[in-house]
J.: 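Would you mind keeping the following structure in view while I ask a few things?
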Amino acid sequence: MFLLIFSLLLASPAAAAADNAAGPKSIFLLAGQSNMSGRGGVVNDTWDGVVPPQCRPDPMILRLNAALTWEEAREALHRDIDAEKTCGVGPGMPFAHLARRRDPGIGVIGLVPCAIGGTNISEWRRGGRLYGQLMARAQAAVLGGGGLIRAVLWYQGESDTTSHEDARLYKRRLERLFNDIRSDLLSPVLPVIQVALASGSGPYVDVIRKAQLELEIPNLRCVDAKGLDLEPDGLHLSTRAQVRLGHMLADAFLGITAPLPVQSSSGHRRCNNFFLDLFLRWIR
Ligand SMILES: *[C@@H]1O[C@H](CO)[C@@H](O)[C@H](O)[C@H]1NC(C)=O
Ligand SMILES: *[C@@H]1O[C@H](CO)[C@@H](O)[C@H](O)[C@H]1NC(C)=O
Ligand SMILES: *[C@@H]1O[C@H](CO)[C@@H](O)[C@H](O)[C@H]1NC(C)=O
């Protein structure tokens with residue numbers, strides 16, 4: 001098994017073909033709480049089952065299921081992960097569709113759902129159960145096919161809007177979490193795209209929102225959920241809003257990783273190396 005994995009990691013054309021057959025080329029981790037998990041189309045604890053065209057299954061978009069196996073992704077993406085709640089449409093599928101359309105070189109996409117509804121940021125800290133699960137799933141995703149983790153998509157914060165203390169500490173906790181993820185994945189400039197909360201049930205939404213919008217670390221982008229419409233529960237993004245959010249996340253991700261032209265002996269050519277690309281952006 002390990003010999004197989006090792007041979008898949010070698011970048012010969014034959015290995016690349018086997019790689020594609022075995023698993024995705026570009027892996028994305030999805031974490032946070034209910035809006036990342038997806039509640040689009042869920043009313044009174046029942047999902048309407050409506051899947052818009054932007055969220056349809058596609059053989060080029062895979063999902064790592066709870067049994068750590070790659071399968072064709074379909075809504076509801078988090079159904080066996082955030083299993084205690086009724087899951088609906090989230091941002092993952094529209095994200096993947098748009099990312100593939102804009103950058104065909106991204107190859108087969110592997111989505112790794114890890115979000116759990118109702119969780120606060122303290123529960124996601126390194127050493128906790130959710131963090132451990134995120135890392136275990138990330139590792140399984142890479143070993144099960146040889147793909148590369150391209151980004152973390154993060155949408156959380158609502159559960160930290162009720163206490164002043166939690167809201168005050170949010171920015172520090174968020175920064176630590178992103179740093180821990182990058183360091184444990186041995187990917188120091190791994191892109192992180194997070195979502196700024198538009199509103200929330202607790203009194204400290206503005207403090208959380210400010211923390212999200214102001215946090216500045218390399219290759220971190222924040223998209224704003226303000227203006228996106230909610231389900232009748234007033235608590236979760238609607239299906240239409242999730243499609244819009246998925247597209248915003250894809251635009252933000254591609255804004256970080258768009259290949260830069262580099263000079264070579266044969267003149268200008270596109271730079272295909274992801275890390276070299278990031279490095280070039282970083283030193284500019
Ligand atoms: C959801 O439940 C509320 C209250 O019980 C009810 O008024 C409403 O019609 C229900 N909505 C749907 C779509 O079933
Ligand atoms: C986070 O949530 C857990 C579980 O609901 C709870 O026990 C804990 O008190 C919360 N932590 C903070 C800092 O709010
Ligand atoms: C879902 O996102 C919306 C828009 O940001 C926000 O108002 C709401 O509080 C979020 N709900 C949860 C449970 O995170």
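One is the number of the first residue; the rest follow in order along the sequence. This is a predicted model, so every value here is computed, not measured. Every number for a ligand or one of its atoms is a count from 1 in the order of the listing.
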J.: Verify the distance criterion only: is there a donor paired with an acceptor across the side chains of S26 and R150 at less than 3.5 Å?
T.: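 On atom types as modelled, these side chains qualify, holding a pair under 3.5 Å.
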J.: Is the contact between L230 and ligand 3 made by the side chain, the backbone, both, or neither, using heavy atoms and a 4.0 Å cut-off?
T.: side chain
J.: Keeping the roles fixed (side chain from Q212, backbone from L197), state whether a donor-acceptor pair exists under 3.5 Å.
T.: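 Side chain of Q212 to backbone of L197: a pair is present.
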J.: Just by modelled atom types, is the A167 backbone N or O under 3.5 Å from a matching donor or acceptor in the D160 side chain?
T.: no
J.: side-chain contact (heavy atoms from CB on, under 4.5 Å) with L237: which of D229, V89, L230?
T.: L230
J.: May I ask you to identify, for E123, whether its side chain, its backbone, both or neither come under 4.0 Å of ligand 2 on a heavy-atom basis?
T.: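 Side chain only; the backbone of E123 stays clear of ligand 2.
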J.: Do me a favour and list the nearest non-hydrogen protein atom to atom 9 (O) of ligand 2 with residue, atom name and distance?
T.: N120 ND2, 4.8 Å
J.: Please list the nearest protein heavy atom to atom 7 (O) of ligand 3 with its residue and the distance rounded to 0.1 Å.
T.: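 Answer, as residue, atom name and distance: S199 OG, 2.5 Å.
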J.: Which residue holds the protein heavy atom closest to atom 4 (C) of ligand 3, what is that atom called, and what is the gap in Å?
T.: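 For this ligand atom, the closest protein heavy atom is Y155 OH, 3.3 Å.
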J.: For ligand 3, which atoms have a heavy atom of H236 less than 4.0 angstrom away?
T.: 13 (C)
J.: Considering only heavy atoms of L237, which atoms of ligand 3 have at least one such atom less than 4.0 Å away?
T.: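 In order of number, 4 (C).
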J.: Provide, to 0.1 Å, the distance between atom 10 (C) of ligand 3 and the closest protein heavy atom, together with that atom's residue and name.
T.: N35 ND2, 2.5 Å
J.: For atom 6 (C) of ligand 1, what's the nearest protein heavy atom and its distance?
T.: N44 ND2, 4.1 Å
J.: Examine F253 and I149 and state if one hydrophobic cluster contains both, with Ile, Leu, Val, Met, Phe, Trp and Tyr joined whenever side-chain heavy atoms are less than 4.5 Å apart.
T.: yes
J.: To the nearest 0.5 Å, how far apart are CG in L190 and CG in D184?
T.: 12.0 Å
J.: Just which atoms of ligand 3 are under 4.0 Å from any heavy atom in L197?
T.: 5 (O)
J.: Near S34, which atoms of ligand 3 are under 4.0 Å from a heavy atom of that residue?
T.: 12 (C), 13 (C), 14 (O)
J.: I'd like to know whether the aromatic ring centres of Y170 and Y204 sit less than 6.0 Å apart in this structure.
T.: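 No; Y204 has its ring centre 6.0 Å or more from that of Y170.
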J.: Specify the protein heavy atom at minimum distance from atom 8 (C) of ligand 3: its residue, its atom name, and the distance to 0.1 Å.
T.: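 Among all protein heavy atoms, the one nearest atom 8 (C) of ligand 3 is L235 O, 3.3 Å.
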J.: Is H78 reaching over with its side chain to a backbone N or O of A115, donor-acceptor style, under 3.5 angstrom?
T.: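 It does hold such a pair.
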J.: Whether the S37 and D82 side chains hold a donor-acceptor pair (N or O, under 3.5 Å, no angle test) is what I'd like checked.
T.: yes
J.: For the pair E71 (side chain) and L62 (backbone), establish whether a donor and an acceptor sit closer than 3.5 Å, ignoring hydrogens and angles.
T.: no
J.: Looking at D180 and R125, is any side-chain nitrogen of the basic one under 4.0 Å from a carboxylate oxygen of the acidic one?
T.: no
J.: What do you reckon, does E158 have a nitrogen or oxygen under 3.5 Å from a nitrogen or oxygen of ligand 3?
T.: yes
J.: Below 4.0 angstrom, counting only protein heavy atoms, does anything approach atom 2 (O) of ligand 1?
T.: yes
J.: Heavy-atom contacts under 4.0 Å between A198 and ligand 3: side chain, backbone, both, or neither?
T.: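 Under 4.0 Å from ligand 3, A198 contributes backbone and side-chain atoms.
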J.: How far is atom 14 (O) of ligand 2 from the closest protein heavy atom, and which atom is that?
T.: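 For this ligand atom, the closest protein heavy atom is D166 OD2, 2.8 Å.
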J.: Quick check on contacts: which atoms of ligand 3 are under 4.0 angstrom from a heavy atom of G200?
T.: 9 (O)
J.: Among all protein heavy atoms, pick the one closest to atom 13 (C) of ligand 1 and tell me residue, atom and distance.
T.: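 It is V43 CG1, 3.6 Å.
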